[in-house]
Undergrad: 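Handing you this structure, nothing more for now.
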Amino acid sequence: PQGVPCAGGHRCCPRGSHCSADGESCITSPGTGGSHVAPRAVPCPDGQSECPNNATCCVTASGAWGCCPMPQASCCADKVHCCPHATVCDLAHGRCLSPAGDVPLGTPFPAWKRQPPAPAVALHQVLCPDGRSVCPDGATCCQLPSAQYGCCPLQNAVCCSDGQHCCPQGTACDLERSTCTSSGGWARPLASLPKVRDVKCDEETSCPDGSTCCRLSSGAWGCCPLEEAVCCPDHVHCCPQGYTCDPEGGSCLQEGGHRRPWLQKTPALARGGDVKCDEETSCPDGNTCCRLSLGTWGCCP
């Protein structure tokens, strides 16, 4: 379905290439042969159909758009055939007329529907009360014993007083029994709080864990909600690893023509100059690191 039929209808070429004048070989346009460059397409006037690069959109007898396998071709009046650029359709004799010589009429093949630019997908995050830490959408920020924040994997959760566990909304923490209890009498185990991690962009800026730092048009850092993502040259969007940015189509393209929506970056968060206790532990800005009786670090505000 991704092939480009050649004039005469006996041969075809892969999408992203075009047929030679004699129809005996396939020519790849400069810049389209590498795995990092997406195949281009010619949009048809209806705004919904498209043809391969170096083809021409022609209306067919059914009213749908077809693709003549020649660049800047002449669409014949019968809406069935087409001729090369600068030639004239001679439907009576089934030829394309030109001073350089006549050639047989060409036949368009069906165009395919364009995949419209998908709306940019904004990353929804939960900003914690410290103004710097971020949890995934649907999670709840809970303060850890270190005064930093962890993410409870429950929405609108109850943060337990030990700073290590959380419970679903409408329940209470029973730390003695390590359960979450409800007025209905049921109980479930406490959920543990994983510590918020971040991806360091520079000494002052970071992105949430699982993101990629990408420059915005302002020159500041933004966060793409994908690991090891491709930052698009428009400084607004990004694509998954292994894809290329397609600004014309407003999407991400993979070799072979697979397309998926591109994502929009969100502003990165200021690291805020955390106070470093050791290589693994830090306290919020304005706090002091103090040793606890257990030997671990605590944060004095």
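Computed from heavy atoms alone, side chains included, the values below leave out hydrogens, waters and symmetry copies.
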Undergrad: If you define the side chain from C-beta out and look only at heavy atoms, does anything of Cys67 sit under 4.5 Å from Cys58?
TA: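 The answer is no, as the side chains (C-beta and beyond) never meet within the 4.5 Å cut-off.
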Undergrad: Side-chain contact, heavy-atom cut-off 4.5 Å: Val103 with Pro84?
TA: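 Yes. Closest side-chain heavy atoms under 4.5 Å.
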Undergrad: Are any of the side-chain heavy atoms of Cys232 and Cys239 separated by less than 4.5 Å?
TA: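 Yes. Closest side-chain heavy atoms under 4.5 Å.
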Undergrad: To the nearest 0.5 Å, tell me how far Asp174 CG sits from Thr181 OG1.
TA: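 Output value for this atom pair is 5.5 Å.
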Undergrad: Between Thr140 and Leu154, is there a donor-acceptor pair closer than 3.5 Å when you use the side chain of the first and the backbone of the second?
TA: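 Checked: pair present.
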Undergrad: Shorter than 2.5 angstrom, is that how the SG atoms of Cys167 and Cys180 come out?
TA: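 Taking the criterion (SG atoms under 2.5 Å apart), Cys180 and Cys167 satisfy it, so yes.
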Undergrad: Output yes when a side-chain donor or acceptor of Thr56 lies under 3.5 Å from a complementary backbone atom of Met70, and no otherwise.
TA: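 Yes, the answer is positive, given that a donor and an acceptor are paired below the 3.5 Å cut-off.
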Undergrad: Are any of the side-chain heavy atoms of Tyr149 and Asp130 separated by less than 4.5 Å?
TA: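 Tyr149 vs Asp130: side chains touch.
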Undergrad: Identify the two heavy atoms, one from Val42 and one from Asn54, that lie closest to each other, and give their separation to 0.1 Å.
TA: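 Heavy-atom minimum between the residues: CG2-N, 4.2 Å.
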Undergrad: Give the intermediate values and the outcome of disulfide bond (SG atoms under 2.5 Å apart) for residues Cys141 and Cys152.
TA: CA-CA 6 Å; Cys141 298; Cys152 177; over 6 Å; no
Undergrad: Do Cys76 and Leu105 come within less than 4.5 Å of each other through their side chains, counting heavy atoms only?
TA: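 A side-chain contact under 4.5 Å exists here.
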Undergrad: Please confirm whether the backbone N or O of Asp90 pairs with a side-chain atom of Arg95, one donor and one acceptor, at under 3.5 Å?
TA: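 Looks like no, no N/O pair under 3.5 Å.
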Undergrad: Using a strict SG to SG cutoff of under 2.5 Å, would you count Cys160 and Cys173 as disulfide-linked?
TA: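 In this structure, Cys160 and Cys173 share a disulfide.
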Undergrad: Begin with the C-alpha distance, continue with both residues' side-chain angles, and end with the deciding distance and a verdict on disulfide bond (SG atoms under 2.5 Å apart) for Cys159 and Cys166.
TA: CA-CA 4 Å; Cys159 303; Cys166 61; over 6 Å; no
Undergrad: So do Leu175 and Ser161 actually touch side chain to side chain, heavy atoms under 4.5 Å?
TA: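 Answer yes - side chains close enough.
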Undergrad: For a 4.5 angstrom cut-off between non-hydrogen side-chain atoms, does Asp46 reach Trp65?
TA: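 In short, these two side chains touch, coming nearer than 4.5 Å.
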Undergrad: Would you say the SG of Cys68 sits under 2.5 Å from the SG of Cys51?
TA: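 Disulfide absent: SG-SG distance not under 2.5 Å.
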Undergrad: What are the two closest non-hydrogen atoms of His235 and Arg215, and how far apart are they?
TA: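 It is ND1-O, 3.4 Å.
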Undergrad: Tell me if the SG of Cys89 lies under 2.5 Å from the SG of Cys96.
TA: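 No, no disulfide: SG-SG not under 2.5 Å.
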Undergrad: Roughly how far apart are Cys83 SG and Leu91 CG, rounded to 0.5 Å?
TA: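 So the SG of Cys83 and the CG of Leu91 are separated by 7.5 Å.
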Undergrad: Might you work through the disulfide bond (SG atoms under 2.5 Å apart) test for Cys238 and Cys224, ending with a clear yes or no?
TA: CA-CA 6 Å; Cys238 57; Cys224 176; 2.0 Å; yes
Undergrad: Once rounded to the nearest 0.5 Å, what's the spacing between atom CD of Gln143 and atom CD of Gln164?
TA: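 So the CD of Gln143 and the CD of Gln164 are separated by 13.0 Å.
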Undergrad: Do Pro233 and Cys245 touch side chain to side chain, with heavy atoms closer than 4.5 Å?
TA: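 Of all side-chain heavy-atom pairs linking Cys245 with Pro233, at least one is under 4.5 Å.
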Undergrad: If we ignore angles and hydrogens, is there a donor and acceptor under 3.5 Å between the side chains of Ser62 and Thr60?
TA: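 Short answer, yes.
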Undergrad: Which heavy atom in Val158 sits nearest to a heavy atom in Gln169, and how many Å separate them?
TA: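 Reported closest heavy-atom pair: CG2-CA, 4.4 Å.
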Undergrad: Closest heavy-atom contact between Ala229 and Thr212?
TA: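 Closest approach of Ala229 to Thr212, heavy atoms only: N-OG1, 3.0 Å.
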